[in-house]
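In what follows, every heavy atom counts, from backbone to side chain, and hydrogens, waters and symmetry copies are set aside. Within every chain, numbering begins at 1; the chains are lettered A, B, ... in the order of the sequence lines, protein sequences first and strands thereafter. Remember, it's a predicted structure, so these values are computed and weren't measured experimentally.
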Number of protein chains: 4
Amino acid sequence: MFIELDLQSETPLYTQLIDQLIEGIASGELKPGEPLPSVRSLAEDLGINLHTVNKSYNLLKQEGFLQVHRKKGVIVQPDGMPGVTQEFEEKLRRTLRSLAAETAVRGMTEEAFVQQSRSIYRDILTNRGGEQR
Amino acid sequence: MFIELDLQSETPLYTQLIDQLIEGIASGELKPGEPLPSVRSLAEDLGINLHTVNKSYNLLKQEGFLQVHRKKGVIVQPDGMPGVTQEFEEKLRRTLRSLAAETAVRGMTEEAFVQQSRSIYRDILTNRGGEQR
Amino acid sequence: MFIELDLQSETPLYTQLIDQLIEGIASGELKPGEPLPSVRSLAEDLGINLHTVNKSYNLLKQEGFLQVHRKKGVIVQPDGMPGVTQEFEEKLRRTLRSLAAETAVRGMTEEAFVQQSRSIYRDILTNRGGEQR
Amino acid sequence: MFIELDLQSETPLYTQLIDQLIEGIASGELKPGEPLPSVRSLAEDLGINLHTVNKSYNLLKQEGFLQVHRKKGVIVQPDGMPGVTQEFEEKLRRTLRSLAAETAVRGMTEEAFVQQSRSIYRDILTNRGGEQR
DNA sequence: GTGGTCTAGACCACC
DNA sequence: GTGGTCTAGACCACG
């Protein structure tokens, strides 16, 4: 799986990593039970510190997206992904709220906003998002 | 206008303030040309630091949502809100991407996600937002 | 509050710290809302690395025993401690199971085991445990 | 005797093995003098590494719960189990302390804690333990 | 070789 | 001055 980090971005590296891994799972590129690269090797591949990768893995494990298997190493959660928790719903609402408000102020219509949401959701499911193709 | 900050939140105070002010504009609670409280008084009302309010105002001014007059003080942009810039589009896409991915992984359908987006957009316009707890 | 770490122990420093802080809360030495020393100062006091303290604080925050307040710094959870979650119950059962089994094999009676549990529970509540007094 | 290991657990495999063997002895399922499976066969049965089983057996032998004979292989200590050593007492106290503190903070009463201890101790003696899920 | 833990030192955002 | 993040390098337990 192809992962690209933006070292200049304000969003922490570990957050970017988490996002990309979740996208990988959403798109089906990373399948349940599939092993992920070891902390060290991924860190090396990405040119970042192993602790940063570790933090991402740990947070994802903690939320139930990954499992840390003795010997197998880190694998994608094989026993069903976590559902829509209350925390997630709140985070979703808060984030959409902020986005929608600015969107509205800037004059983007409801329909445009909704369409944007829809098309991005689809992009993700259909493997490989709306960037370079 | 009623503003509520969460001191324990991960999101910085100045960001929360910005969000709420933008929501105020979006809902029509804050009308173009309308004066905002002075940095000093708002800071006092909210029980936060002067600098924090200042930072929020400055960022909003920089993006064109507010104007700062020597005499009138701070007012809501009367000459038309900034439109959909490229930076905003990118931010919008990036944020929606991240949200949509996690949404999908957690098993929320496209339709649910889209409906959520729509209803939140509407909520904001109709001013019913902000403290649904 | 007096905290003592055993650098020789097998149990990680951050775990020892967590244990002592929880005991402090249990005994009432640390009261809800009370501020804890900053990550840096505590690390210095204990002669350990600030990251280690950080990890402890974060885990305790995550479980709901602490809050990280903007400006106030870290404080003991003022809004009621987390209750008996399912995870905790499982951990409790697992740990007691292991202990009880070895206890039984070594010939300690049920009554002795139970008395030990009771007296330790009391010790903790009555400020300052059963060590040096 | 039925042994079940959790590959995802935080507790090392060899510790889990030790726990289960001790429970077996406590419950009477494993009787003094009774032979245990060879390192090789047990490792195979459990699908784990030879070294892991070996480590468990060695630690148990070291503490006096097992004997290793050239001919008979590994057997449960026939000459009386080790009693309550000072090390064990300390471990027991430390562990109970940590548990009791968290228990108390979470609002479980002394009586509930004590009852839990008692019932688990009994469970183990009456062999009903191990797989209550 | 794997993840877990700890240390040391550094920069930054926030208040 | 506070916590958050990142890096670098090291040791250890585990399998």
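Remark: P of E/dT7 and CG of A/N49 are 17 Å apart, rounded to the nearest angstrom. Distance CD (C/Q8) to C1' (F/dC12): 15 Å, rounded to an integer number of Å. For the pair A/E10 CD and F/dG4 P, the interatomic distance rounds to 18 Å; values are reported in whole Å. The CG-C1' distance, from A/L36 to E/dT2, rounds to 14 Å in whole Å. A straight line from CG of A/N54 to C1' of E/dC6 spans 13 Å, rounded to a whole angstrom. Taking atom CG on A/L50 and atom C1' on F/dT7, their separation rounds to 10 Å, with Å as the unit. Between the CG atom of D/L17 and the P atom of F/dA13 there is a distance of 19 Å, rounded to whole Å. Atom CD1 of C/I18 is separated from atom P of E/dT5 by 10 Å (rounded to the nearest Å).
Heavy-atom neighbours of A/H69 NE2 from other residues, nucleotides or ligands within 6.0 Å: above the threshold of 12. Annotation for B/Q8: atom CD counts as buried by contact number, over 12 foreign heavy atoms lying within 6.0 Å.
Using a 4.0 Å heavy-atom distance criterion, B/I48 is classed as making no nucleic acid contact. Among the heavy atoms of the strands lying under 4.0 Å from B/L13 are primed sugar atoms or P, OP1, OP2 only; no base atom is included. Within 4.0 Å of D/Y14, counting heavy atoms only, lie sugar-phosphate atoms of the nucleic acid but no base atom.
Taking a cutoff of 4.0 Å between a charged side-chain nitrogen and a carboxylate oxygen, A/E10 and B/R94 do not qualify as a salt bridge. Ion pairing between a basic and an acidic side chain is recognised when a charged N comes within 4.0 Å of a carboxylate O; B/E102 and B/R106 show such pairing.
The phosphate of F/dC6 (OP1 or OP2) has no side-chain N or O of A/K55 nearer than 4.0 angstrom.
Summarising the base pairing, E/dT2 is matched to F/dA13 through a Watson-Crick or G-U wobble pair whose two defining distances lie under 3.5 Å.
Between the side chain of A/R40 and the base of E/dG1 there is no donor-acceptor pair of N/O atoms closer than 3.5 Å. Between the side chain of C/H51 and the base of F/dG4, no donor-acceptor pair of N or O atoms lies under 3.5 Å.
Donor-acceptor pairing under 3.5 Å is recorded for the side chains of C/S41 and C/S38.
Position along DNA chain F of the nearest nucleotide to D/T15 versus A/T52 favours A/T52 as the more 5'-ward residue.
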